[in-house]
Peer 1: 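Below are the structure tokens for one structure; questions will follow.
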Amino acid sequence: MADKTLTTRDVVSRLESGMTIGIGGWGSRRKPMALVREILRSDLKDLTIVSYGGPDVGLLCAAGKVKKVVFGFVSLDSIALDPHFRAARQKGAVEIAEVDEGMLQWGLYAAGIRLPFLPTRAGLGSDVLKHNPDLKLVQDPYGTEQLVAMPPLRLDAALVHMNRADAQGNGQFLGPDPYFDDLYCLAADQAFMSCERIVPTAELSAAGHSATIKINRQLVTGVVETPNGAHFTSCVPDYERDEAFQREYAKAAGDPQAWAKFEKRYLSGTEDDYQAAVAARAEEVA
């Protein structure tokens, strides 16, 4: 079986401006932040981001990388809204398509199984249809009920982060929730998975039940070992969300001078520079 190991730079070199990119995780949990930070260092622009969003969306919006966001929410969990995304929306700097969380799931699944739509009750009775006038209703062919016809959310690329993976692209979550990372991979033309540690395949089965090996190697184009690569989001049980760092991020986002200092300290160098700055910060506040 092929060795699919890549670097973060390798992954971003395979992406192009104007792509539709799905980013896995959930809010401020198990986001492929090392890959997001590599995009920040690149010349990519005009991206459509599909996400149960968190700081991945916020950082990309702040860097001017985003043309459109398709989302169920953009939250930092313990902080209700990502401040950079809120600012981008208020300024009209990005196009948006806000859908119900279940509709986003169904759109990824429809893309993954190559269907033109999937019927769902999600969104009915809400303003989702009002604010997404392109969405259509379809009548149950066996009855009289009308349902939302959720179109596929086809992705040019997917980025996800897992606790463990092997070199062939099998991915394992060890926390309480797989989120919808497998659907992102299924819906994408190419899928890239970062992980805390690449291990021999046998170790995946030893670390947890086979059901935790949620990402099948057949769906994965490349795998990247990025220890602490979900920081500052959580990647339990390896580490919790860095709440103090997240508060610093959110506070800095509200002040241009503070944000410039934040960028210089944490985002101006390589991933190794970022991790070193994070480690130095931890020592300062210890």
Side-chain angles (χ1 to χ4, degrees), residues 14-27 31-32 39 44-54 56-57 60-61 65-75 82 85 88-89 92-160 177-193 214-216 218-221:
R14 300 185 184 200
L15 306 179
E16 297 178 6
S17 294
M19 276 187 166
T20 296
I21 298 176
I23 303 179
W26 181 273
K31 287 288 181 176
I39 293 176
L44 294 175
K45 60 182 181 179
D46 295 329
L47 302 175
T48 294
I49 302 299
V50 179
S51 182
Y52 293 98
D56 53 329
V57 174
L60 292 172
C61 285
K65 302 291 186 183
V66 180
K67 177 183 178 181
K68 181 178 181 179
V69 185
V70 182
F71 64 101
F73 54 78
V74 182
S75 171
D82 179 277
F85 177 66
R89 285 201 67 181
V94 295
E95 301 172 30
I96 63 162
E98 182 175 6
V99 295
D100 179 275
E101 295 167 21
M103 295 172 74
L104 187 64
Q105 175 194 5
W106 226 224
L108 293 172
Y109 188 43
I113 59 177
R114 307 302 190 269
L115 286 178
F117 69 90
L118 280 174
T120 178
R121 294 187 179 92
L124 292 173
S126 75
D127 279 345
V128 168
L129 298 177
K130 174 182 176 182
H131 292 291
N132 293 275
D134 291 338
L135 290 175
K136 307 297 183 184
L137 297 178
V138 62
Q139 184 171 320
D140 175 6
Y142 302 105
T144 60
E145 185 177 9
Q146 282 200 317
L147 303 167
V148 176
M150 182 62 198
L153 293 173
R154 189 69 203 167
L155 309 175
D156 295 306
L159 309 176
V160 302
D177 200 323
Y179 309 122
F180 297 111
D181 289 1
D182 57 326
L183 293 187
Y184 278 99
C185 294
L186 191 67
D189 292 337
Q190 49 182 344
F192 300 100
M193 174 174 57
K214 190 66 173 178
I215 308 297
N216 187 292
Q218 296 181 46
L219 303 177
V220 174
T221 308

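Starting from 1, each residue takes its place in the sequence as its number.
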Peer 1: Mind checking what makes salt bridge (Lys or Arg N to Asp or Glu O under 4.0 Å) contact with E95, not counting sequence neighbours?
Peer 2: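 Applying salt bridge (Lys or Arg N to Asp or Glu O under 4.0 Å) to E95 gives none.
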Peer 1: Quick one: list whatever passes side chain to side chain contact (heavy atoms under 4.5 Å, CB included) with V70, sequence neighbours left out.
Peer 2: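 Checked V70 against side chain to side chain contact (heavy atoms under 4.5 Å, CB included); matches are T48, V50, K68, A97, L104, L153.
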Peer 1: Which residues pass the ring-ring contact (aromatic ring centres under 6.0 Å, His included) test with F192, sequence neighbours left out?
Peer 2: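 For F192, no residue satisfies ring-ring contact (aromatic ring centres under 6.0 Å, His included) once neighbours in sequence are set aside.
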Peer 1: Check salt bridge (Lys or Arg N to Asp or Glu O under 4.0 Å) between D82 and all other residues, then give those that pass, not counting sequence neighbours.
Peer 2: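 Here no residue qualifies.
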Peer 1: If the condition is side chain to side chain donor-acceptor pair (under 3.5 Å), which residues does D46 pass it with, not counting sequence neighbours?
Peer 2: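 Result, side chain to side chain donor-acceptor pair (under 3.5 Å) vs D46: none returned.
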Peer 1: Does D134 have any side chain to side chain contact (heavy atoms under 4.5 Å, CB included) partners at least two apart in sequence or in another chain, and if so, which?
Peer 2: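 Side chain to side chain contact (heavy atoms under 4.5 Å, CB included) list for D134, sorted by chain: empty.
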Peer 1: Show me the pairs that pass ring-ring contact (aromatic ring centres under 6.0 Å, His included) and involve residues 105-148, at least two apart or across chains.
Peer 2: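 Listed by first then second residue: W106-Y109.
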Peer 1: Mind checking side chain to side chain donor-acceptor pair (under 3.5 Å) for R14 and listing every partner two or more places apart, or none if nothing turns up?
Peer 2: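 With sequence neighbours excluded, R14 shows a side chain to side chain donor-acceptor pair (under 3.5 Å) to no residue whatsoever.
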Peer 1: Using the test ring-ring contact (aromatic ring centres under 6.0 Å, His included), find all partners of Y184 that sit at least two apart in sequence or belong to another chain.
Peer 2: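 Not a single residue meets the ring-ring contact (aromatic ring centres under 6.0 Å, His included) criterion with Y184.
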Peer 1: Using the test salt bridge (Lys or Arg N to Asp or Glu O under 4.0 Å), find all partners of D182 that sit at least two apart in sequence or belong to another chain.
Peer 2: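 With neighbours one apart ignored, the set is K214.
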Peer 1: Restricting to side chain to side chain contact (heavy atoms under 4.5 Å, CB included), what partner residues turn up for L137, sequence neighbours left out?
Peer 2: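 For L137 the side chain to side chain contact (heavy atoms under 4.5 Å, CB included) partners, ignoring immediate neighbours, are L124, L129, Q146, V148.
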Peer 1: E101: which residues meet the side chain to side chain contact (heavy atoms under 4.5 Å, CB included) condition with it, sequence neighbours left out?
Peer 2: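 Result, side chain to side chain contact (heavy atoms under 4.5 Å, CB included) vs E101: W26, Y52, F73.
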